[in-house]
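See below for the structure under consideration.
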Amino acid sequence: MSKHVRVRFAPSPTGPLHIGGVRTALFNYLFAKKHKGTFVLRIEDTDQKRFVEGAENYIIDALNWCNIPFDEGPGKEGKFGPYKQSERKHLYKQYADQLIAQGKAYYAFDTADQLDAHRKGHEAEGKTFIYNWHNREKGRLVNSLILSAEDTQAKIDAGEDFVIRFKSPQDQTLHLTDIIRGNITIDTNVLDDKVLFKSDGMPTYHLANIVDDYLMEITHVIRGEEWLPSLALHQQLYTAFGWQAPEFAHLPLIHKPTGKGKLSKRDGDKLGFPVFPLQWTDPKTSDVSRGYKEDGYFAESVTNFLAFLGWNPGTEQEIFSMDELISAFELERVHKAGARFDPDKTKWYNHHYMQGQSNDTLAAEFISQHESLETIDVDYIAMVVGLIKERATFVSDLWALSHFFFAAPEGYDEKASKKAFKDGTSELMTELISIIDTVDEFTVENLQTQIKGWITSKEIGFGKVMMPLRLALVGALQGPDVFDIIYMIGKAETIKRIENIIKTI
């Protein structure tokens with residue numbers, strides 16, 4: 001690729017960043033880094049009515065946590081700034097005026113009530129109202145295409161509300177190209193004359209988006225499928241301005257786990273998984289929405305599973321580091337069809353990354369979640385983590401898997417007790433205490449040798465000893481190797497727990 005690649009992620013600060021938005025940011029980032037290009041963050045906040053306090057910082061924090069840092073954007077000013085559209089609003093009117101001067105846009109003075117009446121009139125006749133070539137110059141609508149220049153200016157001078165609409169062409173066929181979806185043809189007769197500039201003096205998304213992409217020298221626009229219907233207008237605007245359009249790629253939707261439709265917060269609430277990267281507290285209602293970070297997911301697992309929502313490397317490999325994703329990523333391998341979100345697969349990824357964490361790292365996080373561990377030697381906790389982490393998906397799973405390393409069981413599983421304790425079991429456990437007490441060099445190997453040797457010499461099944469022993473140590477028939485547990489808790493504590501179960505059962 002000869003030209004310097006510049007891509008942008010352009011969210012609106014209207015609330016927390018949905019996981020689908022993170023996927024869009026990730027694909028932009030991967031594409032930019034693959035081609036040694038620049039990843040730009042632009043905040044599209046022209047709609048001040050929907051602006052939500054704290055959303056912009058949330059977006060930046062989420063990208064940073066996901067290890068998708070932007071190269072240019074708010075706080076990382078480059079030569080193409082500012083990077084908030086609200087700080088660029090002085091730029092847009094001149095481009096709207098340019099289109100009017102060229103006869104490619106026009107002033108429209110229709111009120112909301114007038115337009116609503118037109119819509120209802122069409123609906124009564126079983127038709128759909130579209131503001132475009134078939135009615136814009138027939139006298140029923142109020143715009144500068146039918147008004148004289150003097151009357152138009154008089155309305156503007158009188159302070160009448162107006163919008164500026166794009167004059168979509170009649171009887172043309174647009175030939176569009178999308179990197180993911182291939183060639184697309186559009187009949188311009190079905191397009192409406194979109195509003196480019198609103199009565200409040202602010203540009204619409206369409207105008208601001210095109211102008212900013214041009215001024216920021218964006219080479220590739222990688223965005224969600226929901227913007228595909230806007231592609232025709234955006235391409236026409238580039239043509240109207242005489243600008244070279246960027247290449248477009250529209251990513252597939254992320255579908256809900258079951259049924260039809262796009263993944264939503266309700267799906268997460270219903271099925272018990274987050275749809276936001278970080279926890280979000282609504283500033284108006286104080287409602288709290290779960291986040292992947294706070295739910296215990298590793299950032300690497302989030303970016304790994306997001307990469308596979310709509311993209312496939314063409315191999316059997318599923319685990320990718322960020323560098324490997326950058327190397328393998330190609331827009332041509334992004335699917336057209338929507339990608340179904342699988343909560344179980346996200347946990348599968350997190351389980352894998354859990355195993356890759358060092359025991360010391362996990363121990364530190366484990367301690368931070370349980371104050372009772374703060375007085376226990378961190379090296380001991382790290383050793384415990386090493387024994388149990390293969391069974392864990394989240395750090396929050398560790399306590400349930402390891403509590404017996406830190407305290408004797410307070411009770412015994414009833415079903416397991418009936419299975420493990422039979423006639424003669426208490427006598428065997430009493431004899432086992434003597435065997436354990438005689439082990440001088442207290443290692444896992446010596447414990448195995450002496451206890452297994454004793455069981456063999458008695459010519460009894462291993463289960464007759466190992467099941468009640470495990471129950472005594474853990475309180476249930478679960479946990480890592482029994483000899484590891486005995487070694488970790490020590491001789492005195494092991495004997496104490498065996499004596500306790502003999503008294504209890």
Side-chain angles (χ1 to χ4, degrees), residues 359 362-363 366-367 369-392 395-505:
N359 295 338
L362 293 176
F366 188 21
I367 293 168
Q369 294 184 11
H370 293 274
E371 291 183 7
S372 61
L373 299 178
E374 292 178 357
T375 58
I376 299 174
D377 180 63
V378 68
D379 292 334
Y380 176 81
I381 297 174
M383 290 174 67
V384 170
V385 167
L387 293 173
I388 61 168
K389 71 178 183 181
E390 67 179 24
R391 298 173 178 83
V395 173
S396 58
D397 296 336
L398 294 178
W399 179 255
L401 294 169
S402 69
H403 59 89
F404 47 85
F405 281 104
F406 308 107
E410 296 180 356
Y412 305 98
D413 181 84
E414 186 177 348
K415 187 176 179 180
S417 299
K418 291 178 180 178
K419 184 178 181 180
F421 263 74
K422 307 292 184 183
D423 290 341
T425 300
S426 293
E427 289 75 13
L428 280 173
M429 290 296 98
T430 301
E431 193 173 341
L432 176 61
I433 290 173
S434 300
I435 300 300
I436 293 173
D437 198 31
T438 60
V439 179
D440 294 325
E441 193 176 342
F442 209 74
T443 65
V444 172
E445 293 77 12
N446 284 347
L447 286 165
Q448 285 180 324
T449 299
Q450 297 206 36
I451 293 176
K452 286 184 176 180
W454 167 69
I455 294 173
T456 302
S457 70
K458 292 189 73 68
E459 297 182 348
I460 58 175
F462 274 76
K464 289 188 175 182
V465 173
M466 301 306 288
M467 276 202 298
L469 174 57
R470 179 177 292 280
L471 188 64
L473 301 175
V474 177
L477 298 180
Q478 62 187 44
D481 186 88
V482 165
F483 300 106
D484 286 325
I485 300 173
I486 294 173
Y487 168 74
M488 291 292 291
I489 66 175
K491 182 186 291 188
E493 178 65 19
T494 297
I495 291 173
K496 181 179 177 182
R497 293 189 188 187
I498 298 172
E499 288 174 339
N500 189 61
I501 200 170
I502 293 171
K503 295 175 187 175
T504 304
I505 300 181

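Atoms considered below: every heavy atom in the structure, side chains included; atoms not considered: hydrogens, waters and symmetry mates.
For the pairing with Leu469, the side chain to side chain contact (heavy atoms under 4.5 Å, CB included) check across Ile501, Ile498, Val474, Ile485 returns one residue only, Ile498.
The shortest distance between side-chain heavy atoms of Ser434 and Trp454 does not fall below 4.5 Å. At a threshold of 4.5 Å between non-hydrogen side-chain atoms, the residues Arg497 and Ile489 count as touching. Side-chain contact check for Ile460 versus Leu428: some heavy-atom pair is nearer than 4.5 Å. The closest side-chain heavy-atom distance from Met383 to Asn359 is not below 4.5 Å. Leu447 places a side-chain heavy atom less than 4.5 Å from the side chain of Phe442. Between Lys464 and Lys458 the shortest side-chain heavy-atom distance does not fall below 4.5 Å.
At distances below 3.5 Å, at least one donor-acceptor pair connects side-chain atoms of Lys491 with backbone N or O atoms of Asp437. Looking at Asn446, its side chain does come within 3.5 Å of a backbone N or O of Glu441 through a donor-acceptor pair. Arg470 places a side-chain N or O within 3.5 Å of a backbone atom of Gly479 that can act as its donor or acceptor partner.
In this structure, OG1 in Thr449 is found 9.0 Å from CZ in Phe483, a value given to the nearest 0.5 Å. If you take CD1 on Ile435 and CD on Glu431, they are separated by 6.0 Å, rounding to the nearest 0.5 Å. Taking CG of Asp413 as the start and CG of Leu471 as the end, the distance is 7.5 Å to the nearest 0.5 Å. Within the model, atoms CD1 of Ile436 and CD1 of Ile486 stand 4.5 Å from one another, a figure rounded to the nearest 0.5 Å. Interatomic distance, CG of Leu432 versus CD of Gln450, reported as 11.0 Å (0.5 Å rounding). Remark: Gln478 CD to Phe404 CZ distance equals 7.0 Å, nearest 0.5 Å.
Applying the 6.0 Å contact sphere to CZ of Phe421 captures more than 12 heavy atoms from other residues, nucleotides or ligands. Residue Glu374 places its CD atom among more than 12 non-hydrogen atoms of other residues, nucleotides or ligands, all under 6.0 Å distant.
For the residue pair Tyr412/Asn500, the side-chain donor-acceptor check at 3.5 Å is satisfied.
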| message | Could you walk me through whether Thr425 and Met429 satisfy the side chain to side chain contact (heavy atoms under 4.5 Å, CB included) test, starting with their C-alpha distance in whole Å, then the side-chain angles of each, then the deciding distance to 0.1 Å, before giving a yes or no? | response | CA-CA 6 Å; Thr425 300; Met429 290 296 98; 4.2 Å; yes
| Worked check of side chain to side chain contact (heavy atoms under 4.5 Å, CB included) between Met467 and Phe462 | CA-CA 8 Å; Met467 276 202 298; Phe462 274 76; over 6 Å; no
| said: If you apply the rule side chain to side chain contact (heavy atoms under 4.5 Å, CB included), what do you find for Met466 with Ile455, and how did you get there? | reply: CA-CA 10 Å; Met466 301 306 288; Ile455 294 173; 4.1 Å; yes
| message | Please determine whether side chain to side chain contact (heavy atoms under 4.5 Å, CB included) holds for the pair Asp481 and Leu387, giving the CA-CA distance in whole Å, both sets of side-chain angles, and the decisive distance to 0.1 Å. | response | CA-CA 8 Å; Asp481 186 88; Leu387 293 173; over 6 Å; no
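Here the closest heavy-atom approach between residue Ala472 and residue Pro409 is recorded as O-CG, 3.5 Å. Gly463 approaches Pro468 most closely through the heavy-atom pair O-CD, 3.6 Å. In plain terms, the two heavy atoms of Leu373 and Ile381 that are nearest each other are O-CD1, 3.6 Å. For the residue pair Arg391 and Pro480, the shortest heavy atom distance occurs at NH2-CA, 3.5 Å.
In this pair, Phe366 and His370 present their aromatic rings perpendicular. The plane angle is above 60°, beyond the 30 to 60° band. The aromatic rings of Phe406 and Trp399 sit parallel, their planes meeting at an angle under 30°, below the 60° perpendicular limit.
Taking the charged nitrogens against the carboxylate oxygens, Glu499 and Lys503 have no contact shorter than 4.0 Å, which rules out a salt bridge.
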